[in-house]
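To keep things clear, I will list the structure first and then write my remarks on it.
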Amino acid sequence: MYQSCRSNQLRPFRRLSKSLIFSLSLLSLATMSLATSLSPNCSGTDTVVATTPLVTFLVRVQETALRTFGEEDFDPKLYVDLSLKFNLSKTQKAFDELPRSGENGTVSVEDLKVFIATYFDDAEDDLVYYDPVDFVPEPEGFLPKVKNPEVRSWALEVHALWKNLSRKVSDGVLEHPELHTLLPLPEPVVVPGSRFREVYYWDSYWVIRGLLASKMYETAKAIVTNLIFHVDTYGYVLNGGRAYYTNRSQPPLLSAMVYEIYNRTCDVELVRKALPALLKEHAFWNSEIHKVTIQDAQGCNHNLSRYYAMWNKPRPESSRRVRSCLWLSYLSDKEFASKFLGNSEKQQFYRDVASAAESGWDFSTRWMRNTSEFSTTSTTSILPVDLNVYILKMELDIAFFANVLGNKSTMESFLEAAEARKNAINSVFWNEEMGQWLDYRLTNGTICKESETWQACNQNQNAYASNFIPLWIDLFHSDAALVENVMRSFQGSGLVHAAGIASSLINSGHQWDFPNGWPPIQHMIVEGLLRSGLKEARSLAEDIAVRWIKTNYVGYKKTGAMHEKYNVQKCGEFGGGGFYKPQTGFGWSNGVVLTFLEEFGWPEDLGIGC
């Protein structure tokens, strides 16, 4: 048990082999140089993090497998997650010598199956199960407000899922990293689940919130240690723990993770370890490729950030399944891009798609100029409300950590930065008539103009849950009049449904649109309402949390699993749509449920069914 404000040392990194250090230095060379001087030309096409020869080869295997095995149950990610049994040269030679037929050079099913079995280990083999040192079946002081025995029993089952999702990088990856797309990490990890068999950046925040509810402080710290290792190695936290994710990040929540752990443990050494990485991450998100200046009607300039993946080719993990009317087909990024004639337009489309993946909202009509046409995805031309809220949170957290460590100048600098970003958020995003903060679309998608003049018509007035994410931050939810205004807007937005908050009102078939509800969205809005201190806001927050807990519980009882997302129209139904099959496990779902139960509890006489 941790006592209040007891300082705890981070566990040291496991010793890394010489070959691992050498491979990491090669892999991180391009990303580190880009992270320190990100300044693309006017086309933006030169800002690219090169992939590895192994990833390039595995994409060839992936494309061959699609032709050979067909579309049914095809998961492209499986093939770029495979590990080599032999060196790349030998494996490529054997692949090139496979018998082929027809114009497309199709390999027979039997030949390809034998080749894969002979030359590859399974995709799951590079991470091995790990027994967390701080897991106990029923932690002392676990969810004291949960009085209903049925709910408590289920909560303990959800708690036990941390053991199922805990992994560590195999010795094979540490000894021969060149044979794997999985990137080495110094500490054990908690994976989301199912096809997501590696660590993911923004998922980790809600995993950590759940781990804290489960009193698993050491496991939570290990996750943060791994993400700090990303920053130290690549210059920023990667989207995920694979070589094909080195060209982008994800919503920057590392500071929020450190803040929550510190609040529970008062571990000053964790703060001391994290602060240099957070300063580096803040610089990354304010670099030239991310920063955009908007001039308001009064002539004041405001700096805000956008998503901007360092990639302009099809994503190796793509070749996604797309729903269109009553038929299903597989369309890769390359096939979507075939609608563009020029190479520069195709490259920009690839970058915008990868940037949507960087946002975590992959995919949604938020990023499309035409909500019915995926090829109009233009993520880099949008200033997102939520990204800038996360960076504002980072700035406030850095100021807090600097104060903890007695660094007054850094504290003051970041309080000023936070105040400037708050003003920018209100000047550019706030819509007084709607009572919401709205994404802003740039008139000119290039990043060469020194500034762009704000225009009201560039605000996206469609209802998205992201329009309410600023409530999560103290600078906004501490304003009672503002909270009351935004809460009325939220209640009248149409986003609140029987089983939670919808991501949008547009039923596009994309997974970050209606009728799907996602755990992070429920949590941030609920927590923002709760922290406002207003009685009506707390009541609304608890009502949404109860709906969300019920749909997770009923879904678990029906399927035996926690799900990545849920259908907010139907209690107990998991979500659908998107470009891959619905996933189970599931890290952030477990974390949000445990966090809600810790905060609100569950009375003994309150039923849990729909």
Side-chain angles (χ1 to χ4, degrees), residues 1-2 8 10-11 14 81 122-144 146 149-174 182 185-201 203-227 240-241 257 260-261 264-265 519 523 549 552-553 555-564 574 582-598:
M1 287 287 289
Y2 281 91
N8 295 279
L10 278 176
R11 288 175 293 165
R14 286 185 286 169
D81 289 356
D122 289 343
E124 296 87 358
D125 289 351
D126 43 19
L127 277 170
V128 297
Y129 281 92
Y130 175 78
D131 193 8
V133 296
D134 49 358
F135 176 85
V136 295
E138 184 164 5
E140 183 181 350
F142 179 68
L143 305 184
V146 177
E150 187 179 1
V151 176
R152 185 166 194 81
S153 175
W154 169 59
L156 287 169
E157 290 183 41
V158 174
H159 161 72
L161 293 175
W162 298 132
K163 284 192 72 171
N164 297 348
L165 298 172
S166 293
R167 306 282 191 278
K168 67 176 181 178
V169 175
S170 72
D171 290 341
V173 175
L174 298 176
L182 185 77
L185 290 171
E187 296 288 348
V189 303
V190 176
V191 299
S194 296
R195 75 195 289 268
F196 300 115
R197 51 182 79 90
E198 54 279 313
V199 68
Y200 283 82
Y201 184 5
D203 294 59
S204 297
Y205 174 77
W206 288 278
V207 169
I208 283 174
R209 291 298 298 264
L211 290 170
L212 295 177
S214 290
K215 317 296 183 184
M216 295 176 65
Y217 305 123
E218 293 302 320
T219 299
K221 287 184 190 181
I223 293 173
V224 165
T225 301
N226 286 330
L227 300 183
M257 301 178 208
E260 294 299 333
I261 295 172
R264 296 288 183 117
T265 67
H523 176 258
I549 291 167
N552 278 257
Y553 174 84
Y556 182 87
K557 290 298 180 180
K558 286 167 62 175
T559 66
M562 296 290 286
H563 294 266
E564 178 189 27
F574 57 83
Q583 302 297 294
T584 61
F586 198 87
W588 62 16
S589 302
N590 309 344
V592 170
V593 161
L594 293 176
T595 301
F596 281 170
L597 288 172
E598 183 178 50

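Basis for what follows: all heavy atoms, side chains included, without hydrogens, waters or symmetry-related copies.
Y205 places a side-chain heavy atom less than 4.5 Å from the side chain of E260. Between N226 and P186 there is a side-chain heavy-atom pair separated by less than 4.5 Å. A 4.5 Å side-chain heavy-atom check between S214 and L594 finds at least one atom pair inside the cut-off. In this structure the side chain of V191 never reaches within 4.5 angstrom of the side chain of R197, judged on heavy atoms. You'll find the side chain of L212 stays beyond 4.5 Å of the side chain of T595, heavy atoms only. Residues K168 and L127 are not in side-chain contact: their nearest non-hydrogen atoms beyond the backbone lie 4.5 Å or more apart. Counting heavy atoms from C-beta on, the side chains of Y553 and V593 never come closer than 4.5 Å. Taking 4.5 Å as the limit, some side-chain heavy atom of M562 sits within range of a side-chain heavy atom of L161.
Not a single donor-acceptor pair under 3.5 Å links the side chain of N552 to the backbone N or O of I549. No donor-acceptor distance shorter than 3.5 angstrom exists from the side chain of R209 to the backbone of S204, with no hydrogens or angles considered. Within the 3.5 Å criterion, the main-chain N or O of S589 finds no donor-acceptor partner in the side chain of W206. Checking side-chain atoms of S153 against main-chain N and O of P149 turns up no donor-acceptor pair under 3.5 Å. Remark: the backbone N or O of F142 is not paired with any side-chain donor or acceptor of H159 at under 3.5 angstrom.
Atom CH2 of W588 sits about 8.5 Å away from atom CZ of F196, to the nearest 0.5 Å. Atom CD1 of I223 is separated from atom CG of L211 by 5.0 Å, given to the nearest 0.5 angstrom.
Between R167 and E124 there is no salt bridge, since no side-chain nitrogen of the basic residue lies less than 4.0 Å from a carboxylate oxygen of the acidic one. With respect to the salt-bridge test (charged N to carboxylate O, under 4.0 angstrom), the residues E140 and K215 do not qualify. Between R264 and E218, none of the side-chain N atoms (NZ, or NE/NH1/NH2) sits under 4.0 Å from a carboxylate O, so this pair counts as no salt bridge.
For Y200, the side-chain hydrogen bond (donor to acceptor under 3.5 Å, both in side chains) partners two or more places apart in sequence, or in a different chain, are E198, Y245. By the side-chain hydrogen bond (donor to acceptor under 3.5 Å, both in side chains) test, W154 is found to be paired with no residue, residues two or more places apart in sequence or in another chain being considered. Scanning for side-chain hydrogen bond (donor to acceptor under 3.5 Å, both in side chains) contacts around H563 gives T559, with sequence neighbours left out.
When all heavy atoms are compared, the tightest approach of V190 to S166 is CG2-OG, 4.1 Å. Between P519 and E564, the shortest heavy-atom distance links the atoms CD-O, 3.3 Å. Closest heavy-atom contact between G193 and L165: CA-CD2, 3.9 Å. Of all heavy-atom pairs between G241 and L182, the closest is O-CD1, 3.5 Å.
For D134 and T219, the side-chain atoms include at least one donor-acceptor pair closer than 3.5 Å.
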From CA spacing to verdict: salt bridge (charged side-chain N to carboxylate O under 4.0 Å, His left out), E157, R152:
CA-CA 9 Å; E157 290 183 41; R152 185 166 194 81; over 6 Å; no
Between V169 and D126, is a side-chain contact (heavy atoms from CB on, under 4.5 Å) present by the stated rule, with each step listed?
CA-CA 6 Å; V169 175; D126 43 19; over 6 Å; no
